[in-house]
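To start, the structure itself, in structure tokens.
Source: prediction; values computed, not measured.
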Protein chains: 2
Amino acid sequence: MNKSAPRGRRPGSPDTRAVILDIARRRFLAEGYHAVTLRSIAAEAGVDLALISYFFGSKKGLFGAALALAVNPAEVLAEALKGDPATFPQRVLRGVLAVWEDPVAGPTLIAMLRNAIQEPAFGALVKEVVEREIVDRVAAWLGGAAARKRAAAFGVQIGGLIVTRYLLRLEPIASMTPDEIVRHLGPGLRRALQEPGQRQEPGQRPAGRPPGGDRS
Amino acid sequence: MNKSAPRGRRPGSPDTRAVILDIARRRFLAEGYHAVTLRSIAAEAGVDLALISYFFGSKKGLFGAALALAVNPAEVLAEALKGDPATFPQRVLRGVLAVWEDPVAGPTLIAMLRNAIQEPAFGALVKEVVEREIVDRVAAWLGGAAARKRAAAFGVQIGGLIVTRYLLRLEPIASMTPDEIVRHLGPGLRRALQEPGQRQEPGQRPAGRPPGGDRS
DNA sequence: CGGATTTATTCATCACCGTTGAAATGCTAC
DNA sequence: GTAGCATTTCAACGGTGATGAATAAATCCG
């Protein structure tokens, strides 16, 4: 019972590369980077192990290629930046929740973040993107004194939400509804955007700061 | 040049177990779980590979044993719960910063958290401890409506601080001084502890809310 | 003291992992 | 058609964590 396929190229034009990529994506998301072996992917694709190296160079290369087509999280922010400044935190929260709970984008982002936390090379990339695309933009939008630090305080809370809700799945944060999240996190988020000395005036946005303001 | 040690037990009473544990701790903290091989630890300890399995069962067992003697993060909270309620957030922030920047406890906690995020079994343990020791206690201390959810909003921010500052080392949060952290995160943290509907009155703790203890 | 038991240690080996180089085969351009 | 390129399998390598058997010291017990 010699079932080994003949040696060279297969007849027809089967897109083997795409098949491997599909299987890899599904497996990596479901089981995590280290738990998935190249051999098992090759077996599931009905393909020799070496073909994966041929197409993607290495296991890391395959992982990167499989998870490449994620959404760009910066778009959520760009969208949220456009509306009424008074409700900016709510919009960001809604957007973040929508993206991270999207059945295709969410798991991809989670897998990427998981790996960023343990793989320094990958982590540096995430770090750079977040700093440039998130912190700097919020800081520019904020203006005023210590804008970058206020943006950081904002980012801390968004990051905390993501990690506790989606990575560690801590309760009760993991099972709260989006409305509850907005209700409980919105005020603190808004407060973090203000300048630290200031008191919050009831019923209005902190005065004297038109949204197109000066740089930090 | 046959340098192989004789087979059985060594003379004297060398505490080989402790030696292995020491080396393992240093290496795991410096290089991370996956980068360290049991063989390299065994070599550095001048010991056969199988001895590690004999003492600790598996690589995971060794990792757990090597990182077991960490501080109890719940103590930080217990300490902070005792003082003036108005400055509770500041005390927690100072305590968290002190522990996570401690040269011995800090790296241990970071390594544990890193692994908790990628290893579901280990993550479940962290999850349980945090929920029981942190969230529940803060909720009990808070009292009032939706105490557990307000405590969760608090925990989100503390968790976000830890992840962004110590795990991902995002700027500018990673290089801010403790004073700056307290200045920028304190107000948002205090706001998260209040009940969501309320407006913050300047200069005092939230006044007596209507006792309509509605579950959210 | 001396034999039996427990504890510590090495050796040899296993199955599996990711990577690599060589060979074989089909497809495409000239 | 045939030369070259893209795809595919095969075979092997060194490295990994785990495990069972052999051996020697320490300890217990009479």
(message) D:dG17, OP1 or OP2 - any side-chain N/O from B:S58 closer than 4.0 Å?
(response) no
(request) Please state whether the phosphate of D:dT19, meaning OP1 or OP2, lies under 4.0 angstrom from any side-chain nitrogen or oxygen of B:S53. (result)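 For B:S53, the contact criterion (side-chain N or O under 4.0 Å from OP1 or OP2 of D:dT19) is not met.
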Measure the shortest side-chain to side-chain distance between [X] and [Y] over non-hydrogen atoms and say whether it is less than 4.5 angstrom.
X	Y	result
A:K60	A:Y33	yes
B:R148	B:V135	yes
B:R91	B:E79	no

(request) Using the closest heavy atom to pick a nucleotide of DNA chain C for each, name whichever of A:T37 or A:Y54 lands nearer the 5' end. (result) A:T37
In whole angstrom, give the distance that lies between atom [atom1] of [X] and atom [atom2] of [N].
X	N	atom1	atom2	answer
A:L51	C:dA23	CG	C1'	15 Å
A:H34	C:dG18	NE2	P	10 Å
B:L38	D:dT16	CG	P	9 Å
A:I52	D:dT8	CD1	C1'	13 Å
B:D48	D:dA21	CG	C1'	13 Å
B:I20	D:dG17	CD1	C1'	15 Å

(request) Examine the base of D:dG15 for any acceptor or donor lying under 3.5 Å from a partner atom in the side chain of B:R39, and report the outcome as yes or no. (result)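 Looking at the base of D:dG15, it does not pair with any donor or acceptor on the side chain of B:R39 (distance under 3.5 Å).
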(message) Ignoring hydrogens and geometry beyond distance, is the side chain of B:R9 in donor-acceptor contact with the base of C:dT7 at under 3.5 Å?
(response)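 Present.
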Check every atom of [options] against the side chain of [X] and return the nucleotide holding the closest atom.
X	options	value
B:A50	D:dG20, D:dT9, D:dA18	D:dG20
A:R7	C:dT9, D:dA18, D:dC10	D:dC10
B:F55	D:dA25, D:dT8, C:dT9	C:dT9

(request) State plainly whether the residues A:E131 and A:R137 are in salt-bridge range, i.e. N to O under 4.0 Å. (result)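 A:R137 and A:E131: not salt-bridged.
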(request) In plain terms, say whether B:E44 and B:R26 are close enough for a salt bridge, that is, a side-chain N and a carboxylate O under 4.0 Å apart. (result) yes
(message) Which is more 5' along DNA chain D, the nucleotide nearest A:R17 or the one nearest B:K59? Just name the residue.
(response)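 Closer to the 5' end of DNA chain D: A:R17.
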